[in-house]
Amino acid sequence: MPNEVVVSNFIRSIIDEDNRAGKWGQRVETRFPPEPNGYLHIGHAKSICLNFGIAHDYNGVCHLRFDDTNPEKEAQEYVDAICENVAWLGFDWGQNLHYSSDYFDQLYAFAEYLIAQGKAYVESLSADEIRERRGTLTSPGQNSPYRDRPVDESLDLFRRMKAGEFPDGKYVLRAKIDMSSPNMNMRDPVIYRIRHIHHQRTGDKWCIYPMYDYTHCISDAIERITHSLCTLEFEDHRPLYDWVLDQLVDNVPCHPQQIEFARLNLTYTVMSKRKMIELVESGLVDGWDDPRLSTLAGVRRRGYTPKSIRQFIERIGVSKADSWIDVSVLEDCLREDLNESAPRRVVVLKPLKLIIDNYPEDQEEDCFAPNHPKKPEWESRIVPLSKTIYIERDDFMEEPAKGYFRLSPGAEVRLRYAYIVKCVAVDKNAAGDIEAIHCTYDADTKSGTEGAKKRKVKGNIHWLSAKHVGQAEVRLYDRLFVDPYPDTGDKDYKTLLNPESKEVIVAYVEQSLSHAEPGQSFQFERNGYFIADHTDTKPGKPVFNRAVTLRDSWEKITSV
RNA sequence: UGGGGAGUCGCCAAGUGGUAAGGCACUGGAUUUUGAUUCCAGCAUACGUAGGUUCGAUCCCUACCUCCCCAGCCA
C-alpha cells in the first residue's frame, strides 16, 4: 500500500493492478539507470524522482545503476557527479549501487547460450553492409548471408572475439529475430561489438561490449526490478526487451515490465547534451554548473533547493503525452519553498541616496527587522538608521506613473521598520541626473511604537544606512534564452541567447550578510531569493546569486 | 506512404457509458510595515474532427486530422 495519498497516474495504476493481482507479491523495485557519459540535468530529475518516489511510496527500493556498456564515452568523473546529484536531490540507493559492467560475465554466458540455441549469430558483414541490408521504414530488410552460420562456428568466432583475436568492427554478434519486422529494432539487432578500449571499471578484461538493448533488460532481470521506467523513445524497443528475456526465461530470475513515460521539456532552456557541451566549451556560459544552465549542478548553484525540484516534479505529473512545462512553474516551486525557509535580509541592489533633512546629523538608532514575517520565533535583528540612507532606484519616480505608490516629490512612504518620510526635494547634477533625494521624517511614526499605528501609508520601501552598509557582489541571473523553445527544430539556438541573462553588480548589503556561508539562502526583501554562491563566497566576502525574483504584480502592470 | 505512441481549460493532469478531479496561471475581494505571503471567491454545456451504437459517450465502434518516436557496431 502506498504510504501517502498521491495523485494517480498511469504508472501507479499499473503497479496498483499488479499488486491486486499479486504479480510481484506486493514487491516494487525500480532503478535509475544513467549512462555515466555526462552531467545530469533537470530532465533526469524527473526520472530520479519518479523511480525513487514510486519505490518509496510502495515500500520498495530503487537502485542506482550505471549503464556503462560503452567505455568510449564514459568516465568515473561522471559517476561521481551523478551520485552526488542523486544524493543532493535527497534520495538514497542504500546498498543498491550497481553497474551494468558488474554483469559482463553473465551477459557473456547468456550470449553463448543464445548462440547455442540458434538465437544469435556472429556477423561478418561490415557496419555499412549491415545498414544496406536493414531495409527502410517501409521495406523489409534482407537476411545476412551469415545468418545461418553453424552454431559451432558462431560460438568459436564469438569466443575468439572475446579473446581479442580480431580488430574493432571485424565481427559483431547479432540476435536472430526477423529481418522483415516492421519494427526496425527487431531486424537482427547487434548485441555485441568489438571495442579494444579500456573500461573505467573492468579495465582491459574485455574487448567486446554488450549493447544497450541486450544489456538493459538482463540487468533489470538480474536485479529483480519489477517496473522498468524509461522515456517514450524506447517504446519500440520494448518488443526487443521482452524478446531477450523470453529467450532467457530459464536463466534469469524474473521478467520486469518496461513502462515508458514522456520526458520533461522545459521552456527557455536547452536540455540536449550536444548543445550544453557547446555552450560550455564556447564559453557562452561559465561551466557545467553555470547557474543559468538546467544541469542539476547549475540549478543547485542558482539556488534551487532539492525540495523545490521534488515539488516541481510532483506538480508537473507524469503521462505519455508530449508536453512543455513553462520554467515559471519551476521558479514558483522555488518561491514556495524559500518563502518558508529563507530568512529575510535587506539589500539595496541599485542604490539612490536619500537624505533625511530633519534627522539629527550624528544620530543613529536601532530599528528591528524580523527575520521572517510569519515566524516570530526566528526573532529580529538590528538594522541601524542614520541621516543618510540608500534606497532602491526603482522606489523613486520623479514623475510617478499612474498607480505608483512609492516615493515621488511630495509623496509619503514608510521606511520599512523605521519612519514615514516625505520627499521634499531632488538633487540633480549638471546633466540632469538625480543624485540624491531629500526627505523629512515624522518622528512620531517609528515602527513598533504607538505613533506608528496612527498613520498609514501605502508605500513601504527598504533602505540601508549609508554609514553602516557592507558591499557584496551580486549576480542577477535571468533566463538564458529569449525564445521559449530554443531546443526545437533547426533553430540556431546560439542566436536566441538572452544578452541580459547575467548582470553582475556590487550591492549594498546589511552587515549581517557579510557572514553568509556558502549555500545559504535568503530573501532579499522586496527583491527576490538569493543564495551565497557555493564556490565564490569567501569568509567575510560573500557573493550572491539571484535564484528567482519575488512575484511582482506592479511590474506586471507596468510591463503591459 | 511501414511500425510504435499521443491528442481533456492558457500550462500540466485525473477520470468514468450517466452527465468533466486537482495543481499552476488568470480574475475579483479580504488581510498585510515585502505591490511578497496568506485567505476567500470565480474560472471547460466540455474532452482533436466527423459519423455511428446507446435512453444516455469524453469514455464503445468507424473514418479522418494533427503531433512525437524509429533505418548507431550510442544509450
Side-chain angles (χ1 to χ4, degrees), chain A residues 7-10 13 33-35 37 67-70 72-74 100 123 125-128 130-132 134-141 168-174 181-187 189-195 208-209 211-213 215-216 230-239 260 262 267 314-326 328-329 332-333 335-336 339-340 344 346 369-370 372-374 403-406 413-418 420 445 447-448 452 456-462 523-528 549-558:
Chain A
V7 179
S8 120
N9 64 51
F10 76 101
S13 299
E35 181 188 15
N37 70 341
D67 218 342
D68 56 348
T69 58
N70 184 3
E72 228 164 335
K73 307 197 296 184
E74 298 155 4
S100 296
E123 172 65 274
L125 257 26
S126 70
D128 286 342
I130 288 176
R131 189 177 313 116
E132 283 162 20
R134 187 149 25 221
T136 68
L137 295 178
T138 51
S139 62
D168 290 4
K170 175 75 175 169
Y171 296 106
V172 290
L173 183 68
R174 288 232 255 175
S181 171
N183 181 343
M184 303 296 289
N185 297 299
M186 301 299 271
R187 321 246 262 224
V190 171
I191 59 177
Y192 262 94
R193 76 284 217 186
I194 301 173
R195 204 87 339 150
I208 57 172
Y209 292 96
M211 301 284 289
Y212 165 84
D213 284 306
T215 307
H216 205 91
C230 61
T231 43
L232 250 28
E233 65 269 28
F234 291 102
E235 248 165 344
D236 45 21
H237 289 242
R238 191 181 346 121
E260 311 84 10
T267 59
E314 188 171 312
R315 192 176 282 187
I316 63 176
V318 56
S319 73
K320 301 190 71 153
D322 295 310
S323 61
W324 282 89
I325 310 293
D326 198 275
S328 63
V329 178
D332 197 66
C333 290
R335 291 191 188 102
E336 185 176 300
N339 177 48
E340 279 301 310
R344 317 284 125 131
V346 179
H372 189 112
K374 298 263 172 75
Y404 186 81
F405 53 73
R406 276 111 95 163
V413 86
R414 173 172 288 283
L415 296 179
R416 201 157 152 76
Y417 312 128
I420 291 176
T445 57
S447 295
K456 292 285 178 192
V457 288
K458 199 161 188 192
N460 200 305
I461 66 175
H462 62 280
Q523 184 197 88
F524 290 176
E525 291 185 23
R526 303 209 306 131
N527 271 316
T549 61
L550 251 33
R551 274 210 196 88
D552 187 350
S553 55
W554 169 245
E555 187 192 55
K556 202 174 290 175
I557 292 167
T558 53

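Ranking G35(B), U34(B), C73(B) by closeness to the R406(A) side chain, first place goes to G35(B). With distances taken from any side-chain atom of D332(A) to the nucleotides A75(B), A25(B), G72(B), the minimum falls on A25(B). Among the nucleotides A36(B), G15(B), C73(B), the one closest to any side-chain atom of V190(A) is C73(B). Taking only side-chain atoms of N70(A), from C-beta outward, the nucleotide of A75(B), U34(B), A36(B) with the closest atom is A75(B). Of the candidate nucleotides C24(B), A36(B), G35(B), A36(B) has the atom nearest to the side chain of P373(A). Closest approach to the V172(A) side chain among A36(B), A71(B), C73(B) is made by C73(B) (side chain taken as heavy atoms from C-beta onward). Closest contact between the side chain of M211(A) and the listed nucleotides C73(B), A36(B), G35(B) involves C73(B). Which of G72(B), A75(B), C12(B) sits closest to the side chain of I316(A) comes down to C12(B). Listed nucleotides A36(B), C73(B), U34(B) differ in distance to A127(A); the shortest reach to its side chain belongs to C73(B). Of the listed nucleotides (U34(B), A71(B), A75(B)), U34(B) has the atom at the smallest distance from the side chain of R416(A).
T69(A) has a side-chain polar atom (N or O) that falls below the 4.0 Å cut-off from OP1 or OP2 of A75(B). Phosphate proximity of A14(B) to R315(A): absent, as no side-chain N or O sits under 4.0 Å from OP1 or OP2. Contact between the side-chain N/O atoms of R195(A) and the OP1/OP2 oxygens of C73(B) is not found at any separation under 4.0 Å. Taking only side-chain nitrogens and oxygens, R187(A) never comes nearer than 4.0 Å to OP1 or OP2 of A71(B). At the phosphate of G35(B), neither OP1 nor OP2 sits under 4.0 Å from any side-chain N or O atom of R414(A). Residue S553(A) places at least one side-chain N or O under 4.0 Å from the OP1 or OP2 atom of A36(B).
Among the duplex regions that RNA chain B forms, those built from at least three successive Watson-Crick or G-U pairs under 3.5 Å are B:2-7 with B:65-70, B:10-12 with B:22-24, B:26-30 with B:38-42, B:48-52 with B:60-64, ordered by first number.
Taking the nucleotide of RNA chain B with the nearest heavy atom to each of F405(A) and F10(A), the more 5' of the two is matched to F10(A). Nearer to the 5' terminus of RNA chain B, by closest-nucleotide assignment, is the contact made by N9(A) (compared with the other of N9(A) and E340(A)).
By the 6.0 Å contact criterion, NZ on K320(A) is enclosed, its count of non-hydrogen atoms from other residues, nucleotides or ligands being greater than 12.
Among the protein residues, L125(A) comes within range of the nucleic acid bases, having at least one heavy atom under 4.0 Å from a base atom. In this structure, S323(A) reaches the sugar-phosphate backbone alone: every heavy-atom distance under 4.0 Å involves primed, P, OP1 or OP2 atoms, never a base. Among the heavy atoms of the strands lying under 4.0 Å from Y404(A) is at least one base atom, whether or not backbone atoms are also near. Counting any heavy atom pair closer than 4.0 Å across all strands shown, E260(A) reaches no nucleic acid atom. Among the protein residues, V457(A) comes within range of no part of the nucleic acid, since none of its heavy atoms lies under 4.0 Å from any strand. Looking at heavy-atom distances under 4.0 Å, G448(A) makes contact with a base.
In this structure G29(B) sits in the anti conformation; its chi angle is more than 90° from 0.
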When every nucleotide of nucleotides 1-10 of chain B is labelled 5' to 3' by its protein contacts under 4.0 Å (heavy atoms), B for base, S for sugar-phosphate only, - for none, what sequence of letters results? -BBSSS----

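In this structure, H237(A) and F234(A) have perpendicular ring planes: the angle between them is above 60°, well past the 30° mark.
The two residues D236(A) and N185(A) come nearest to each other via the heavy atoms O-ND2, 2.8 Å. Here the closest non-hydrogen pair linking T215(A) and S100(A) is CG2-CB, 3.8 Å.
Residue ring and nucleobase are stacked for W554(A) and G35(B), with a centre distance beneath 5.5 angstrom and an angle between planes beneath 30°.
Contact of the I130(A) side chain with the V172(A) side chain is registered, since non-hydrogen atoms from C-beta on lie closer than 4.5 Å.
Salt-bridge check for R193(A) with E72(A): failed, with every basic side-chain N at 4.0 Å or more from each acidic carboxylate O.
Neither side chain, N183(A) nor S181(A), offers a donor N or O lying under 3.5 Å from an acceptor on the other.
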